[in-house]
Amino acid sequence: MELTDLERQRVQKLERLREAGIEPYPRRVERTHTIAAALAALEAAEASGQEPPPVAVTGRLRSMRVMGKITFAHIEDGSGTIQLFLRLQNVGREQYDRFKRDFDLGDFVEAHGTLMRTRTGESSVLVTQVRMLAKAISPLPVIKEKEVNGKVVRYTAFSNVEERYRQRYADLASNPEVREIFRVRARTLKALRRFLDAHDFLEVETPILQPVYGGAAARPFITHHNQLHQDLYLRIAFELYLKRLLVGMYDRVYEIGHDFRNEGVSHKHNPEFTQLEFYAAYWDYNDVMNFCERMIATVAEEVLGSPIIRYQGHEIDLRPPWRRVTLREAARAVTGIDYRDYPTAESLAAAMREKGLPVKPGATWGYLIDKGLLGAVEPTLIQPTFVLDYPRDISPLAKTKPNDPTHVERFEYFIGGLEMGNAFTELNDPFDQEQRFLEMGRLYAPEDEETHPMDEDYLRAMKYGMPPNGGFGLGVDRLVMLLTDQPTIREVILFPHLRPKD
RNA sequence: GGGCCGUUAGCUCAGCCUGGCAGAGCAGGGGCCUUUUAAGCCCAGGGCCGCAGGUUCGAAUCCUGCACGGCCCA
């Protein structure tokens, strides 16, 4: 282990502790109260006029102010922060000097004593005994705060974005607001599950390693099973497995888990991300829309206390009903282009170039509409919006519109300028489905991300009869971005993907 | 993939334009201090200036390449 000068100093302190017969990493802890419980116990004692009880609290040393024969320190555990008040006359010379000399910010300690208030009124533990629980060798970034007119001013922080992600443990340890993001994330997942469970959905788990990938337009990660001599793909979607379960007579299923897409990394994309998909028999995409807006509003209310949220300076009202607009209308309103006037990729690309919109060379008609036109619309969709009715040739798993074979019953929904997810009235005609798969194979080059390999087993399942159903996907990370007001997906993923540094 | 910006002490940053001894605050070390809370005061430390090359008498500073990250675009 290579050590910096500061780390070497701390190792010396550790050795001094050992020489004095003190184990710097003891096995047992004698905590009587969490810090929150200790603070509550003090208030309860004061309210009832009783003597505060003796406590033993534990936590990480956050600050230390040595003032001659007394020392103030703060410790923090998962529940809160409390001040320690050490006096030479209470703890004795040996222990007092050891605390001053061999204890550092960042160490985990255990403090025994009685609860009290200092002259300034701060809840404190008047310490009789303090013990090392775990010596920290590497110094954490020190954060100093001050209250000015009720606002907390922070003087330094651990703010280097790259190092915060690479050493998330240090980020979490020193930045409480980062810890809060992942608490909101956990509450969001629970609220989603609660809502789905309450509506008779069954949570299931389907394969992450798949012999054939499908269900989305994305390139996969490829891996290999050594014993079986078989290439496998990390799933890019759950869709095809979940719909097999409808054939198997589960009416409503959902899965929350990770998808893996071998594509670029951006403020909205991580190669590994959390997806929610559900499928409900006997629903169409209108039912899914009605359910979606209720679910998101309910989750926001449960997680944040209100369905009206703030995201990147916008006030967003998640209460139903959400705006519904066709893709054609939305694209025409923002770009001035009605794509039905341009029925070929060439004519549409020309029209888009004329409007100054970026055009990817060789892009298909559907791709131009999806990435080009909708891409221009997306940032304008701040309030929750369902964008309806997509071209059939970019939607191989969705049922066509009743009076329009060129479009399907599909929607994507947008909040805060972010695409949150995708849903459709699911195609359940095995012959139509086979035809769509064959067309995908013809229209797109093998290297294209839109290619779907033929999943014969999925067709076989559908031949047994699949109930009409509505399906739904949600980018959970993006929902968490929304609920925590974070501009990048990396802030809501504990360990986001980064290149190796060396 | 392209453009712009960044990388200097454990942390947060100055210094770079206009080349000339490597700086500050916090943290750490030594000392003073019995109600502090960004505690205060005194003293002394701490650097592969991202990496590699070039220009120059001399490079943290100018030039080129590379790595990693950020923002924007694709």
Side-chain angles (χ1 to χ4, degrees), chain A residues 2-13 16 61-76 81-93 96-97 99-107 116-127 136-148 151-167 170-171 173-175 263-269 312 352-353 356-363 367-368 371-372 375-376 378-379 449 486-491 496-502:
Chain A
E2 271 192 44
L3 298 177
T4 64
D5 288 348
L6 291 176
E7 288 169 337
R8 271 192 291 275
Q9 283 176 353
R10 288 180 174 218
V11 170
Q12 283 172 11
K13 296 178 182 189
R16 274 206 297 266
L61 260 179
R62 270 283 123 93
S63 66
M64 221 196 286
R65 291 176 295 282
V66 180
M67 311 180 57
K69 297 186 181 63
I70 63 168
T71 291
F72 293 98
H74 279 96
I75 63 169
E76 179 184 17
T81 304
I82 196 168
Q83 180 168 261
L84 304 184
F85 183 13
L86 278 88
R87 302 165 80 184
L88 173 63
Q89 70 191 68
N90 292 96
V91 299
R93 171 60 70 185
Y96 188 81
D97 285 348
F99 184 75
K100 255 182 13 180
R101 201 180 55 171
D102 295 338
F103 283 46
D104 285 296
L105 299 186
D107 293 349
M116 50 93 63
R117 278 188 198 278
T118 59
R119 272 179 207 167
T120 57
E122 179 163 355
S123 314
S124 306
V125 177
L126 181 57
V127 174
I137 302 303
S138 301
L140 279 169
V142 173
I143 290 164
K144 297 217 170 186
E145 294 171 340
K146 181 186 184 182
E147 259 193 44
V148 180
K151 275 188 174 177
V152 175
V153 179
R154 179 166 292 185
Y155 286 84
T156 57
F158 186 33
S159 59
N160 181 308
V161 173
E162 183 177 352
E163 291 307 322
R164 283 183 46 235
Y165 298 155
R166 286 190 195 282
Q167 304 188 55
D171 182 28
S174 55
N175 292 320
E263 293 170 345
V265 175
S266 82
H267 70 108
K268 291 186 293 190
H269 300 88
Q312 301 297 296
M352 287 169 64
R353 268 191 223 97
L357 291 168
V359 172
K360 185 177 159 189
Y367 186 94
L368 287 171
K371 303 288 186 221
E378 184 170 340
E449 66 180 33
Q486 292 299 321
T488 77
I489 198 169
R490 288 182 163 193
E491 291 292 348
H497 181 75
L498 294 175
R499 293 172 201 251
K501 201 163 187 182
D502 292 308

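Fair warning: this is a prediction, and the values are worked out from it, not measured in the lab.
For A:Tyr165, whose side chain is taken as the heavy atoms from C-beta onward, the closest listed nucleotide among B:G70, B:A74, B:U34 is B:G70. Checked against B:G70, B:G29, B:U36, the side chain of A:Arg490 finds its nearest nucleotide in B:G70. Residue A:Lys13 has its side chain nearest to B:G29 when only B:G29, B:U37, B:U35 are considered.
Judged by Watson-Crick or G-U wobble contacts below 3.5 Å, the nucleotide B:A24 has B:U12 as its partner. Judged by Watson-Crick or G-U wobble contacts below 3.5 Å, the nucleotide B:C4 has B:G70 as its partner.
Contact between the side-chain N/O atoms of A:Arg499 and the OP1/OP2 oxygens of B:G69 is found at a separation under 4.0 Å. Considering only side-chain N and O atoms, A:Arg101 lies nowhere under 4.0 angstrom from the phosphate OP1 or OP2 of B:G29. Put simply, A:Lys144 has a side-chain N or O that comes within less than 4.0 Å of OP1 or OP2 on B:A39.
A donor-acceptor contact under 3.5 angstrom links the side-chain atoms of A:Arg65 to the base of B:U36. Under 3.5 Å, the side chain of A:Ser63 and the base of B:U37 form no donor-acceptor pair of N or O atoms. Contact of A:Thr120 with B:U35 (side chain to base): no donor-acceptor pair of N or O atoms is detected under 3.5 Å. Evaluation of atom-type donor-acceptor distances gives a pair under 3.5 Å for the side chain of A:Glu122 against the base of B:U37. Between the side chain of A:Gln83 and the base of B:U36, a donor-acceptor pair under 3.5 Å is found. Between the side chain of A:Glu162 and the base of B:U7, no donor-acceptor pair under 3.5 Å is found.
A 6.0 Å sphere centred on CZ of A:Arg8 holds more than 12 heavy atoms belonging to other residues, nucleotides or ligands.
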Close N or O pairs between protein and nucleotides 10-13 of chain B (under 3.5 Å):
unit_1, atom_1, unit_2, atom_2, d
B:C11, O2', A:Ala157, O, 3.0
B:U12, OP1, A:Ser159, N, 3.1
B:U12, OP1, A:Asn160, N, 2.8

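Shown here are the ring-ring contact (aromatic ring centres under 6.0 Å, His included) partners of A:Phe158, two or more places apart in sequence or in another chain: there are none. Residues that satisfy the ring-ring contact (aromatic ring centres under 6.0 Å, His included) test with A:Phe85, not counting sequence neighbours, are A:Phe72.
A:Arg166 comes within contact range of the sugar-phosphate backbone alone, with a heavy-atom separation under 4.0 Å but no base atom that close. At a threshold of 4.0 angstrom between heavy atoms, the contacts of A:Leu498 are confined to the sugar-phosphate backbone, with no base atom among them.
Counted by atom type alone, A:Arg117 and A:Ser124 present zero donor-acceptor pairs between their side chains at under 3.5 Å.
Comparing the same atom, C1', in B:A52 and in B:C11 gives a spacing of 28 Å after rounding to whole Å.
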